[in-house]
Protein chains: 2
Amino acid sequence: MRKPTIQDVARRAGVGVGTVSRVLNNHTAVKGATRETVLKAIADLDYTPNPHARRIAGGKSYTISVLLPVVTTEFYVRLLDGLETAFQEARYDVAIFPLLDRSRLERYLGSHTLAYQADGLVMATYNLTALLSERRVRAQQPTVLVDAFATNVDCAYMDNVTGGRLAGEYAATLPGELYAIWVETELDQLFTTRVFEERRSGFLGALGAAGRTLRAEFTASFDALAARNAAVTLLDGAQLPCTVFASADLLAGALLDEARLRGLTPGQDVRVIGFDDQPWAAARGLTTLHQPVEQMGYEAAHLLLSRLGGFRGPPRARRFEPRLIVRDTA
Amino acid sequence: MRKPTIQDVARRAGVGVGTVSRVLNNHTAVKGATRETVLKAIADLDYTPNPHARRIAGGKSYTISVLLPVVTTEFYVRLLDGLETAFQEARYDVAIFPLLDRSRLERYLGSHTLAYQADGLVMATYNLTALLSERRVRAQQPTVLVDAFATNVDCAYMDNVTGGRLAGEYAATLPGELYAIWVETELDQLFTTRVFEERRSGFLGALGAAGRTLRAEFTASFDALAARNAAVTLLDGAQLPCTVFASADLLAGALLDEARLRGLTPGQDVRVIGFDDQPWAAARGLTTLHQPVEQMGYEAAHLLLSRLGGFRGPPRARRFEPRLIVRDTA
DNA sequence: TTGTATGCGTTATCAG
DNA sequence: CTGATAACGCATACAA
């Protein structure tokens, strides 16, 4: 059985297709009674408009493309949650285009694949300023950056400098030596994220302002093994009691493990401040920085929606701040 | 500047739109020379066909929807890689629709959103047999299940029973006591995955066949903290030397950590067999089961493509087997 | 307030 | 082998 079309609905409701289209799109100018009739016909037939036809006729497909790095991290799940919630409320569908690698990015941007045919585009995390200024993206459809900052398009970003500063200000009040573990950034220019540099600069700035210095810094790539190695190295040479700022909860968790193995008491011998507030952080009593990731996604979606609604103003930037959550470990 | 249409191409090439459409779709009946002219015009204009118009006119949009659980796991990255590769080779676009929670699933299946309007549908992991038999999915468009088994639609699945059996057969040859750590399954019926039950049944079956038994079993949810707790509990009561089958590398990694902290030598005092072959497994010398995930995705894509190509046969099931990789830890 | 006609970009049909 | 032209399902300008 064929899917019902707007024609079927019109026929059944005894009205013209124009009227059906109007109630579909809330074009106010429809009498209450006929509106009801149409709505009933729609319900009876279980009719849903064909988005392809909509797109081709009206220029809108009610679809948003999200270019998302496929990083197996809680962060992106939460970001997606915020984005999806907002778009769903506005009755937009969102399709994810996973950026598995650089070649995929090129393909999505270069060719005019489906990603490119949506009403709007959300790009997450990458530093695409160069591409944007070449207007390989700009010209085509409304775009918003999320978890990234730019001056030439709307964006919603996390202020990691402030996050680092909050950690630094708090750490400066604690007794004993100060240490830090940073996450190494990646190599590829395009795929580089500067969040860790930013956390570092905020942290060091706060320490400086408080007249304190780091006794030593360590570095680890973002994986469990490297995290553990860094924890071992740090504790082997650490002067206790001490405070450690681990710029990601993954690092903090490994440090907690290692401390426990050495019979050290977190929050006493070793104070630990993490960053991310992972789901397990509360259970382990980890003092850390919570990021309003969902809100950032939600707001990014609304920036885009306002553009789709016709907003024409200059690029807007929305800043989000991490929040220090003090628990047992520091 | 407007996107070029098939009209623009036709005009520039000095041919009719019908001819352009023919070269676009490889409708053979085009003379070599005109074909070249058209191709050149397409390249000059950087023309790409509008999938929406394609869909509405010819019933095909060359777009595939993938319904994917948003789980922060290497597994899905690899799966996506396999799927994307195959579809790209066939010149299909793929859009991912993230299944953040059950309500989203309902929405994608129930309403006729874009996800539902693609030429084909790939559903990953969930046990959708019920939904499928209600033909809430079946009727609409060609569908393939990946990382899930069903008899009423095409599917490509991982044989976790065999994986467990391979682990069991190998473990049975090792000296000392035998232990295992399993992953707890989730609560929601629909979102439940049976992979861990399957690994368990395969493992226990192999042990039974070899006349050996487990001295104790442990359970952990799928997170770092639970993994560590399980490792601690196990080693606290373990009789050494022993062999432990950890039904996920995450668990195996935690066990390795804990063993090291206690000064035990993996592969000697404690033999460890993991499951997944995570990226770090080789570096840590973890004996584990490797799953051909990319191949599974690739094959699933081809099952769907054959349907799109007109294949009408009965549902096909493709089985994939994990492979035991013996390294240092066991 | 509502119906009708036209156009959107493409494929398919049918002459030529 | 190729060029018109009619659909496809919908939105919208225009007329009533």
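Each chain gets a letter, A, B and so on, in the order the sequences are listed, and its residues count up from 1. Since this is a predicted model, take the numbers as computed values, not measurements.
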>> Test your reading of the model: is there a side-chain donor-acceptor pair from A:Arg307 to the backbone of A:Gly313, 3.5 Å cut-off?
In response: yes
> Between B:Asp119 (CG) and D:dC8 (C1'), how many Å, whole number?
Replying inline: 15 Å
>> When you measure from the side-chain N and O atoms of B:Asn25 to the phosphate of C:dT11, is any distance below 4.0 Å, counting only OP1 and OP2?
In response: yes
> Say you draw a straight line from CE of B:Met296 to CZ of B:Phe75; how long is it, rounded to the nearest 0.5 Å?
Replying inline: 4.0 Å
> Any idea how A:Phe149 and A:Tyr157 line up, ring-wise: parallel (<30°), tilted (30 to 60°), or perpendicular (>60°)?
Replying inline: perpendicular
> Do any side-chain nitrogens or oxygens of A:Arg54 fall under 4.0 Å of OP1 or OP2 in D:dC10?
Replying inline: no
> Please give, in whole Å, the distance from C:dC8 P to A:Ile56 CD1?
Replying inline: 10 Å
>> Just the rounded figure in Å: distance from P of D:dC8 to NE2 of B:His52.
In response: 20 Å
> For B:Leu45 and C:dG9, what is the distance between atoms CG and C1' respectively, to the nearest whole Å?
Replying inline: 15 Å
> Quick one: is A:Tyr47 getting a side-chain N or O under 4.0 Å of the D:dC10 phosphate, OP1 or OP2?
Replying inline: yes
>> Minimum heavy-atom separation for B:Val17 and B:Gln7, please, with both atom names.
In response: CG1-OE1, 3.5 Å
>> Apply salt bridge (charged side-chain N to carboxylate O under 4.0 Å, His left out) to residues A:Arg55 and A:Asp119 and explain how you reach the verdict.
In response: CA-CA 9 Å; A:Arg55 169 72 179 177; A:Asp119 294 347; 2.9 Å; yes
> D:dC8 P sits how many Å from B:Asn50 CG, rounded?
Replying inline: 19 Å
Within the sub-3.5 Å range, which N or O atoms of nucleotides 2-5 of chain D have a protein N or O partner, and how far apart are they?
from: D:dT2; atom 1: OP1; to: B:Thr34; atom 2: OG1; distance (Å): 2.8
from: D:dT2; atom 1: OP2; to: B:Lys31; atom 2: N; distance (Å): 2.8
from: D:dT2; atom 1: OP2; to: B:Thr34; atom 2: OG1; distance (Å): 3.3
from: D:dG3; atom 1: OP2; to: B:Gly16; atom 2: N; distance (Å): 3.0
from: D:dG3; atom 1: OP2; to: B:Thr19; atom 2: OG1; distance (Å): 2.4
from: D:dG3; atom 1: N7; to: B:Arg22; atom 2: NH2; distance (Å): 3.2
from: D:dG3; atom 1: O6; to: B:Arg22; atom 2: NH2; distance (Å): 2.6

> In terms of side-chain geometry, is the basic nitrogen of A:Arg78 or A:Asp81 positioned less than 4.0 Å from the acidic oxygen of its partner?
Replying inline: no
>> Just N and O in the side chain of A:Thr5: are any of them under 4.0 Å from OP1 or OP2 of D:dG9?
In response: no
> In whole Å, what is the span from the CZ atom of B:Arg55 to the P atom of C:dT11?
Replying inline: 13 Å
